[in-house]
Amino acid sequence: SDPVEIQARLAPFDDDRVLVLADDESSQRRVDAVRRDFVANISHELKTPIGAVSVLSEAVEAAYDDPEAVKKFATRLQMETARLAELINQIIDLSRLQSEDPMLASEVVDINDVVTEAVSRSRERANQREVSLIVARTGEAFVLGDQWQLTDAVTNLVQNAISYSGERARVTISVMCVGTDSDPQVEIKVSDNGIGIRPEDQERVFERFYRVDYGRSRESGGTGLGLSIVRHIAGAHGGSIRLWSRPGQGSTFTLSLPTYLGPRPDAESDEE
Ligand code: ADP
C-alpha cells in the first residue's frame, strides 16, 4: 500500500547496530544479542521486496491505460511477492529450527526417497538452465529423522548447485554409506562444476543472510538463508555439513548423517 506507511511500520526494527560481545557476557545475553541481530537482518532483507512491491503496484496504477506495461509490471509484482513468500517461509523455518523444540519428526527415513524427491523438485529449474542432474546411488541408506526437513535440506543444496553454475553445467548427487562399524554414516554429496566459493567465504556461506557477490546472488533470487537452514537441519539430526570448493572449478557440499541400523518399517503394513 502506501510506501510511507510501510517505512513507518519497519522503522522500529531498523537498526543495523554492530554487536560487540565481551568474552564474559552471559550466554543469555549472547542469545538475546543474536536474536536482535537476526531481527535487524530480517527487517533489512524484507525492505527490498516490500519496497519493490510498493513501487510496482503504483506503476500498475499509473499505467492503467497501457496493457503492455500493466502486464510487465504485474509479472514483476508476482516475482517479488514469490520472493517475499520464500523469504518469510525460510525465516519461519529457521526460527523454528533454532528454537528449543524444533518440532522435527523422528521416523525411519529412506535417503534414496529424499534424493528422489529433492531431484524432482529441482527438475524444472535444472531444465530452464539446461543443467544435467546426475544421481549416483550405492544401495540402501536409512537415517532416523524428519523426512521433509531432510528433503528441504537436500533440495536446497541441489538448487544452489544449479543456480551457481553456468548453463549446461553438471550437478551430481551421490549417496554413500561410510564411517566405521561403531559410527556408520550416510553421506549425501552434491557436486557442481560452477563458480565455486573463495576460501575466505567458505565458512561464512553457512551464516544467516550471508551471500557471496551480491549481484550474482541477487540475480539468483535467493535469500541467503538456505545454507543456514541446511546446517541447522544437519545439526538437529546429529549430523554435519562440509564444503569443499575451488573458485572456477566448483563446489561439493557433503551432508553426513548417522546411519539408522534398527528394524526397517514394514512396507506392507499400511496396506492391510
Ligand atoms: P541463497 O539463497 O543466496 O542461495 P544460501 O544460504 O543457500 O543462500 O547460500 C549462501 C551463498 O553461498 C549464496 O548466496 C552463494 O553466494 C553461495 N553458494 C551457495 N551454494 C553455492 C554453490 N553451489 N556454488 C557457489 N556458491 C554457492
Side-chain angles (χ1 to χ4, degrees), residues 34 37-38 41-42 44-49 52 79-98 115 118-119 121-122 124-126 128-135 149-174 187-236 240-255:
V34 168
D37 199 24
F38 186 35
N41 279 327
I42 289 170
H44 181 79
E45 292 294 324
L46 285 173
K47 273 184 178 176
T48 309
M79 277 170 53
E80 291 296 339
T81 44
R83 188 181 155 71
L84 202 47
E86 189 194 338
L87 183 57
I88 290 168
N89 280 336
Q90 289 199 323
I91 289 168
I92 292 169
D93 235 24
L94 192 55
S95 346
R96 189 170 46 76
L97 285 163
Q98 287 174 335
V115 168
V119 166
R121 287 191 200 171
S122 310
E124 197 183 318
R125 190 183 293 209
Q128 280 165 1
R129 297 179 61 94
E130 293 182 52
V131 167
S132 12
L133 297 179
I134 299 148
V135 181
Q149 291 297 321
L150 291 169
T151 305
D152 277 350
V154 177
T155 304
N156 223 294
L157 296 177
V158 175
Q159 297 204 345
N160 276 350
I162 297 168
S163 300
Y164 301 109
S165 299
E167 300 224 337
R168 286 180 285 283
R170 292 158 70 92
V171 171
T172 309
I173 304 110
S174 67
E187 277 189 356
I188 306 150
K189 274 187 202 289
V190 180
S191 302
D192 64 66
N193 55 356
I195 58 176
I197 300 170
R198 291 173 304 185
E200 62 266 37
D201 289 319
Q202 290 180 10
E203 271 187 35
R204 302 214 62 196
V205 292
F206 295 99
E207 290 173 16
R208 291 176 310 214
F209 294 115
Y210 190 81
R211 317 186 72 197
V212 185
D213 176 15
Y214 201 70
R216 175 72 192 256
S217 300
R218 171 67 71 192
E219 188 190 310
S220 84
T223 60
L225 289 176
L227 288 177
S228 173
I229 291 174
V230 173
R231 187 169 58 100
H232 275 90
I233 294 172
S240 64
I241 175 94
R242 294 196 309 277
L243 165 61
W244 174 93
S245 186
R246 201 164 278 160
Q249 286 187 21
S251 311
T252 298
F253 286 85
T254 306
L255 176 61

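Each ligand, and each atom within it, is numbered from 1 in the order the structure gives.
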Between Ile197 and ligand 1, which part of the residue brings a heavy atom under 4.0 Å of the ligand: side chain, backbone, both or neither? side chain
Output all residues satisfying salt bridge (Lys or Arg N to Asp or Glu O under 4.0 Å) with Glu203, sequence neighbours left out; order by chain, then residue number. none
Which ligand 1 atoms are under 4.0 Å away from a heavy-atom of Ala161? 23 (N)
Contact (N/O only, under 3.5 Å) between Phe253 and ligand 1: no
Under a heavy-atom criterion of less than 4.0 Å, does Gly194 contact ligand 1? no
For ligand 1, find out whether one of its N or O atoms is nearer than 3.5 Å to an N or O atom of Arg211. yes
N or O contact, Asn160 vs ligand 1, cut-off under 3.5 Å: yes
Mind checking the CG-CG spacing from Asp93 to Leu225? Nearest 0.5 Å is all I need. 9.5 Å
Could you label the plane-to-plane angle of the Phe209 and Phe38 rings as parallel, tilted or perpendicular, counting under 30° as parallel and over 60° as perpendicular? tilted
Using a 4.0 Å heavy-atom cut-off, which part of Leu225 comes near ligand 1: side chain, backbone, both, or neither? backbone
Those atoms of ligand 1 less than 4.0 Å from some heavy atom in Gly224: 1 (P), 2 (O), 3 (O), 6 (O), 8 (O)
Mind checking whether Gly222 has an N or O less than 3.5 Å away from an N or O of ligand 1? no
If we number the atoms of ligand 1 from 1 as shown, the ones under 4.0 Å from a heavy atom of Tyr210 are 10 (C), 11 (C)
Using the rule side chain to side chain contact (heavy atoms under 4.5 Å, CB included), only one of Ile173, Thr252, Leu157 pairs with Lys189; which is it? Thr252
By the salt bridge (charged side-chain N to carboxylate O under 4.0 Å, His left out) test, which pairs, at least two apart or in different chains, include something from residues 154-167? none
Quick one, Asp152 and Arg121 - any side-chain contact, counting heavy atoms below 4.5 Å? yes
Does any N/O atom on Gly226 come nearer than 3.5 Å to any N/O atom on ligand 1? yes
Under-4.0 Å salt bridge between Asp201 and Arg204: no
